Each structure stands twice: as structure tokens, then as C-alpha cells.
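Presented below is the structure to which this report refers.
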Amino acid sequence: MATHSTGSVIGMTAAYVAACAAPMAIALVGPLPAGRGFWTEFGVALGFAGAGMMGAQFALTARVPALSRRIGQDTLLQVHRVAGIVATVLVLAHPAVLIAAEAGFAEFFDPRVNAPRAAALSTATLALLLLVGLSMMRSRLRIPYECWRTTHAALAALVMLIATAHVVMVAHYSRPWWRGAALVAVLGAPLGLLGWVRIVRPLAARSRPYRVAEVRRHREGVWTVALEPVGHESPAFEPGQFAWVTFGGSPLALRQHPFTIASSAERRDRIEFTIKALGDFTSTIGSIPVGSSAFVEGPAGSFGLPRGAPGAVLIAGGIGITPMASILRTMHDRGDPRPITLIYATRTLETADLADALGALGDRLDLRVVHVLEDPPPGWEGPTGRITRDLLARIIAPEALRTHSVLICGPDPMMDAAENAALALGVGRGRIHAERFSVV
Amino acid sequence: MPPAPRHVIVRRIALGACVAIAALAAAFAWFRSA
């Protein structure tokens, strides 16, 4: 997983700030219109800054493989979330500050002065509020992932389109023509990126179809789906990475979901995903017909065991076992001798999916599996309850705490607990690897 | 105080970047109104 020096974090942050400030910078190049009061110009600058940040939002989620591997998809999503809220505040402050500075700016929203303009700007404002509101409320409103994802892209494209047109039509900083063209290029580029991500790349995936080779039930709501590439070799991946999978005839289908690869990175002729039904499309996994088509985009993500780590402690909660399964299976196939402690937190032994399969890898692995049960059966003598500092101190050998990597995957509360416990036990942050996806 | 988890640090850095962008907007306005 990506760990970074202070210098590279500063460099990446500076690059992000520069990208967001690009529209402001372009507005200052060449002959300038007469300056106005501070608050008027500040209101304008907030619009440019907000539009620049909104544009950068498209790049953060464009699934650029190099960015995803270097920075981590979860980090990109965390930044996307914070920046989305701040960009909205800046964009909404743009008219508010302008109108407070000069009441005449209110005419931009007055349909009697210019009906199409007032309609477009009101639409963009509402779309922006809806865009952020739906994302923050998705889980509470139980909006299905695929429905939210399509709406999110459509609203974002609409807002960006109106923002770009607005900059050109206000025509204060978009003259001479070449400055306007540069602003359109910078603010329009995100729309091109969206088209590339949502249309061009899925179409390219048509030439690399997969076939559903097996759908295996583990227990109620937990399935393993195996895919085999048809007429091509599936791309190499690192154990711990994930991919976006579309089931069905068209790669353009809306039902594209990110799933962690659970199989060995040494088996590129067959990749497996172990999936837990979460109430949306994933609930229909069991009914996917064997032999049907699927499309895979990826791999992505930076979660995994660093090559130089002398050993690892894997802490999995529930379905968070899937990246650990890929790591262990790959180590097994490669004859990797490094010592591994797998701490597997589940409600009961029956809900410890894949435990038997992973336990069987012990013939070729230096593997110790420790189950932590929330609801233990009578006579259980192993650890119980939540992951705490004391529990980890009892399970993990002092030597491992000093040198091994700690990989954590599971539900958010469990990840918080495990990460805080590892930090409290003195495990350096550079040795703790956790990937979080529950952003919306 | 124990060190903060990684995702908390990521959020802090992202917020810091947002503050820097807002500061650049203020600098833009100061430059244009001076």
C-alpha cells in the first residue's frame, strides 16, 4: 500500500491546489479588465476557485490507475468527499458575496432580465445542492449504489456545463478570445474525462469479455463468483486490489460495482470475488447465470502487503476477509515463507466466511489463524468481543508488533478500533495499512 | 495523545488544501482591487 514521505505529500497537495487554482491563474494572464472593489473581485474569485475544485473532483474519481496505485483509491475518495463539500460552499458563496458587494448582481437570478440565464443558474444551484445532499444522505435514504452513481455523474456534468457556459457568457475575464478558450478547455476537460470514464473505457472493455464460470454459495447472502477471461489474459493484479465488475451483456450497463479480488494473483486464468449481499444489486448475485458475460475494469487500489515487510498481521472483520484471502492464496502459490497472523473478527464461527479454505493453506504457509467472536458458542476458549489494544497485545507477538505490517479491512467501526489499537501499541503509521470505501 | 489514524490525517490535509485555495481566492481579489 502507498506510504508517502512528507515531501511527496506536500508535492501532491501542492499539485492538487495548483490544479484547482488553474481557472483563477488563467484569468490573470494577459490584458486585464479594470479592477473592481475587493469584495466584488473576491466573489468572482470564489466562483473560479469553486469551479476549479469541481473540475478536479472529476479527476479524483476518474480511476486513473497510476493515481489509484500511488495514492490509494480510498484516499482519493476521502479527498473527493471533503473537497466536494468545500467546493459547494465556495460556489454558493460566489453569488452571495457578489450580491452583498453590489446588489445589482442579483439580476443574474432575475428571469425578467434574462430568463434563460436565471433558469440555468437556478438549475445549477439546485443541482449542486442535490448532488451533495444525495451523497451525504445516500445510506440514510437507502438509495441503491448504481442509481446514486448515475445521478451523481449526471448532476455533476450538468453543474460543470452550466458553470463553463456562465464563465464564457459573463465575459468579464473570458476576453480576449484565447483566455476564454483556455478557461473553456480547463473547465470543459472534466466533462471529457467523465465521457472517457463512463463511455469510452467501458466500450474498450468489450474487447476483453469474461465468462461467469461459477457462482458458489457460502451461506445466506454470501457468494463467490468466478470469472474466466474469454480470448485474452486478465491483467496482472496485486493481492489486495479490487476491480469494478459489470455483470450482463453490456459493459455500459449501470450495474457496475467495485469488488475486492479474493483469488490468487498467480491465477490469471480465473479471478474470484467473494461478495456479501448488502440489499442492493449485490442481493441478486446468487441468480447470475453461469456462462453469462461480465466485464472487469481494473485492477485498482493500493491495499496489500508491502514486498519488503518481514511478516504481517492481517486483521479482518466480516467480509473484509476478501483481500486477506487474495494475499494468503497468493503467498501460498508463491511459497512465500513470511510469518502471518490472521485475526478474523466475526459474530460467530459460522459467519467466518472462507475460514476453512484459508485454514487449509497452512500446509505451505507460516500461518496462524485467530478467531475473535462477538457471540461465542458455549465452551469457546478463544478471544471474544471487539478488537481492542489489550486483545491485540495478547494475540500478537512483541517481535511482530515491532517489525510486521498490520493490514486492516472490515466495517468502519472495527477498522477505527483496530487502527487505534495498533497505534496505541506502538505500531508505526507507515506499517499500518487500511483501505476504506464507505464514503457515501 | 496517540497518533491519529491515516484517514483522519487525509481529511486534515484535504481541508488544509481547501483553505489554501480559499486563501488564493482572497489573494486574487486583493491583487485585482489594489
Side-chain angles (χ1 to χ4, degrees), chain A residues 3 9-10 12-14 16-18 20-21 24-25 27-28 32-50 52-53 71-72 74-76 78-83 85-87 89-90 93 97 389 412 415-416 419-420 422-424 428-429 432-436, chain B:
Chain A
T3 49
V9 170
I10 291 172
M12 288 186 286
T13 311
Y16 172 73
V17 171
C20 295
M24 269 191 283
L28 293 179
L32 293 172
R36 296 165 291 187
F38 175 87
W39 289 106
T40 302
E41 294 294 351
F42 185 54
V44 171
L46 287 175
F48 278 131
M53 286 183 76
I71 300 177
D74 65 329
T75 299
L76 293 171
Q78 301 275 0
V79 176
H80 183 83
R81 185 188 166 93
V82 173
I85 295 167
V86 175
V89 171
L90 296 190
V97 170
R389 179 185 182 281
D412 268 349
M415 288 184 66
D416 289 339
E419 206 170 340
N420 285 325
L423 286 167
R429 196 182 291 119
I432 300 177
H433 307 280
E435 203 154 42
R436 290 161 190 267
Chain B
M1 201 169 72
R6 186 166 169 273
H7 69 286
V8 175
I9 295 173
V10 167
R11 268 182 228 158
R12 284 181 196 160
I13 293 172
L15 266 177
C18 295
V19 170
I21 293 161
L24 285 174
F28 177 102
W30 174 79
F31 173 72
R32 290 293 293 132
S33 61

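Fair warning: this is a prediction, and the values are worked out from it, not measured in the lab. Reminder, nothing fancy here: chain letters follow the sequence lines and each chain counts from 1.
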Which heavy-atom pair separates [X] from [Y] by the least distance, and what is that distance?
| X | Y | answer |
| --- | --- | --- |
| Arg11(B) | Val82(A) | CG-CG2, 3.8 Å |
| Gly37(A) | Ser33(B) | C-CB, 3.8 Å |
| Ala26(B) | Phe38(A) | O-CE1, 3.7 Å |
| Ala45(A) | Ala25(B) | CB-O, 3.4 Å |

Pick one of side chain, backbone, both or neither for [X], based on which atoms fall under 4.5 Å of a heavy atom in chain B.
| X | answer |
| --- | --- |
| Ala14(A) | neither |
| Val9(A) | side chain |
| Val86(A) | side chain |

Kindly indicate, with the supporting measurements, whether the criterion side-chain contact (heavy atoms from CB on, under 4.5 Å) is fulfilled by Met415(A) and His7(B). CA-CA 11 Å; Met415(A) 288 184 66; His7(B) 69 286; over 6 Å; no
Output, in order, the C-alpha distance, side-chain angles, deciding distance and verdict of side-chain contact (heavy atoms from CB on, under 4.5 Å) for Val44(A) and Arg32(B). CA-CA 11 Å; Val44(A) 171; Arg32(B) 290 293 293 132; over 6 Å; no
Which value, rounded to the nearest 0.5 Å, describes the distance between Cys18(B) atom SG and Leu90(A) atom CG? 7.5 Å
Starting at CG of Leu24(B), measure out to CE of Met24(A) and round the result to the nearest 0.5 Å. 5.0 Å
Testing the 3.5 Å rule here: is there a donor-acceptor pair between the side chains of Thr75(A) and Arg6(B)? yes
Residue pair Ile13(B), Tyr16(A): steps toward the side-chain contact (heavy atoms from CB on, under 4.5 Å) verdict: CA-CA 11 Å; Ile13(B) 293 172; Tyr16(A) 172 73; over 6 Å; no
